[in-house]
2 protein chains.
Amino acid sequence: MASAQITIAGTSAERVYDDLRAAIIGGEYAPGERLRAEALAARFGTSRTPVREALMLLEGDGLVEIEPRRGAVVRSFDPADLVDLYEVRALLEARAAGLAAARIAPADLALLEATCERVEGLTGNGARTIDTLIATNEDFHRILIEAAGSPRLSAALRTVAGIPRPFKTVFWNDASARARSLAAHREIIAGLRAGSSDRAESAMRLHVLNARDFLTEVMRERD
Amino acid sequence: MASAQITIAGTSAERVYDDLRAAIIGGEYAPGERLRAEALAARFGTSRTPVREALMLLEGDGLVEIEPRRGAVVRSFDPADLVDLYEVRALLEARAAGLAAARIAPADLALLEATCERVEGLTGNGARTIDTLIATNEDFHRILIEAAGSPRLSAALRTVAGIPRPFKTVFWNDASARARSLAAHREIIAGLRAGSSDRAESAMRLHVLNARDFLTEVMRERD
DNA sequence: GCGGGTCTTTTTGCATGCAAACGACCGGTA
DNA sequence: TACCGGTCGTTTGCATGCAAAAAGACCCGC
């Protein structure tokens, strides 16, 4: 069964890493915004040293860009990069689903089903609902990735894990996107339960590529 | 055309990162060996701060393990982990080859061919020859990955990039493995030149999975 | 009003001091 | 002998000082 979390927040740098990562993904810092070490240190009640370390880790996650002697900025996601990101994610998560189909524990399968039921219970459009939808969706993907049992795949996925919240918000605000996402999750679960790697893999690939297309479409309309 | 190197070694931490990475991959530090910050700082003529940063980056690359308050050790590669690593690499590099087939520049194609010719010219079994073989092989894969034109794919591959030198040495000491590797590279190049994504992708997957099987076999014999 | 150059301010990157945690060692006890 | 608790040296992790570089403010000439 997949464990809930790996890090027990041992060092201060890890805590800053987790919190800052959440803040960036949560949209608290806008893409392109400068991240000054001193200000972050004050915010997190620590000094610049752990902040620097957290920023370097976030650079590895593709959430922050660091230029020597010029500091760190929140990474901007242009359409081409988002497409690139989602295609790599499709590749890796599809594999994860395929691996998981062969070995997932019943307990994890139940957890995945629980996420679907939680999503079904959410019908509103309030900020609180969107928050829960985003969190539950992340639960689904995290549980599945861990169920794949491939540490290297998990590590590779960390490089394409996070995109800023505004992108997710438009997605989860769209009723049809929401419905299709739920259906896709159910399809993936069906593949997993049947032990069919092909089916789980294909369903996941389709699911992620649909998200890619949705975002592409949204960004095209914005121009 | 793919550029030779990304980093211009701006900060001290990056220099330590590059050099220490090379030292670990080069087998200078044995798996399981402890990496004390002070000693490394002395070696690289700097202080512990940039060393710490480099170690955290190397942890992201899967070359080093850091336990809070207990320090860093060179990561050990057990058979299961090597298989995991190579399978993720197969997935990612196969995709890279497929992407490259559709867009590689003639200049890069020429560079790839040049690596094959260099390998063909090497017939001995001396340490110097092995060094060149390893370096040339890495050139081939690096050029191809950059030719794929997917920054996110490159980033993901960094998490499965390095394995310690001893593993590579046994591979390149084996004449038949060497010959098959060269043939595989030529096959991949043929796919690229034909603009056939399928062919390049399949050839690359086969190539990487063959390496996986070779190493698996070697390790099985050792027990 | 605008561009170029200089000076000030801010911010980064590195070195180092220091407290706390870890582990090795050692003596005592069952 | 095997095991347990205390002590000490070592090493980590964080805070901070400082030099150097970048960003920004300012002024001047045009």
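Just so it is clear, the values below take in all heavy atoms, side chains as well, and ignore hydrogens, waters and symmetry mates. The chains referred to below are lettered A, B, ... by the order of the sequence lines, with proteins before strands, and numbering in each begins at 1.
- Remark: the B:Thr49 side chain and the C:dT16 base include a donor-acceptor N/O pair separated by less than 3.5 Å.
- Of the inter-residue distances, the one linking B:Arg165 atom CZ with B:Glu28 atom CD reads 11.0 Å to the nearest 0.5 angstrom.
- Closest to the side chain of A:Arg34, out of D:dT16, C:dA15, C:dT11, is C:dT11.
- Close to C:dA15, at under 4.0 Å from its OP1 or OP2, lies a side-chain N or O of B:Thr46.
- Between B:Glu14 atom CD and C:dC14 atom P there is a gap of 9 Å when expressed in whole angstrom units.
- Rounded to whole Å, the distance from CD on B:Glu38 to P on D:dT10 is 12 Å.
- Listed for the B:Arg178 side chain is a donor-acceptor partner under 3.5 Å among the backbone atoms of B:Trp172.
- Distance, B:Arg69 CZ to D:dT10 P: 18 Å, rounded to whole Å.
- Taking side-chain N and O atoms only, A:Arg52 has a distance below 4.0 Å to OP1 or OP2 of C:dG13.
- In this entry the distance linking CZ of B:Arg70 with P of C:dA24 reads 9 Å, nearest Å.
- Computed from coordinates, the A:Arg36 CZ to D:dA23 C1' distance equals 10 Å when rounded to whole Å.
- Residue-level contact check: A:Ile66 touches neither bases nor backbone, having no heavy atom under 4.0 Å from any strand.
- Not one N or O on the side chain of A:Thr159 forms a donor-acceptor pair closer than 3.5 Å with the backbone of A:Ala155.
- With rounding to whole Å, B:Met56 atom CE is found 8 Å from D:dG13 atom P.
- Looking at B:Arg142 and B:Glu138, no side-chain N of the basic residue comes within less than 4.0 Å of a carboxylate O on the acidic one, giving no salt bridge.
- Residue pairs meeting the salt bridge (Lys or Arg N to Asp or Glu O under 4.0 Å) criterion with at least one partner in residues 63-72 of chain B, sequence neighbours excluded, do not occur; the list is empty.
- B:Ala13 comes within 4.0 angstrom of sugar-phosphate atoms only, judged by non-hydrogen atoms across all strands, and of no base.
- Here the C1' atom of nucleotide C:dT11 and the CZ atom of A:Arg48 are 8 Å apart, to the nearest Å.
- The interatomic distance linking A:Leu40 (CG) with D:dA15 (P) rounds to 14 Å, in whole Å.
- Among the protein residues, A:Leu35 comes within range of the sugar-phosphate backbone only, with heavy atoms under 4.0 Å from sugar or phosphate atoms but none that close to a base.
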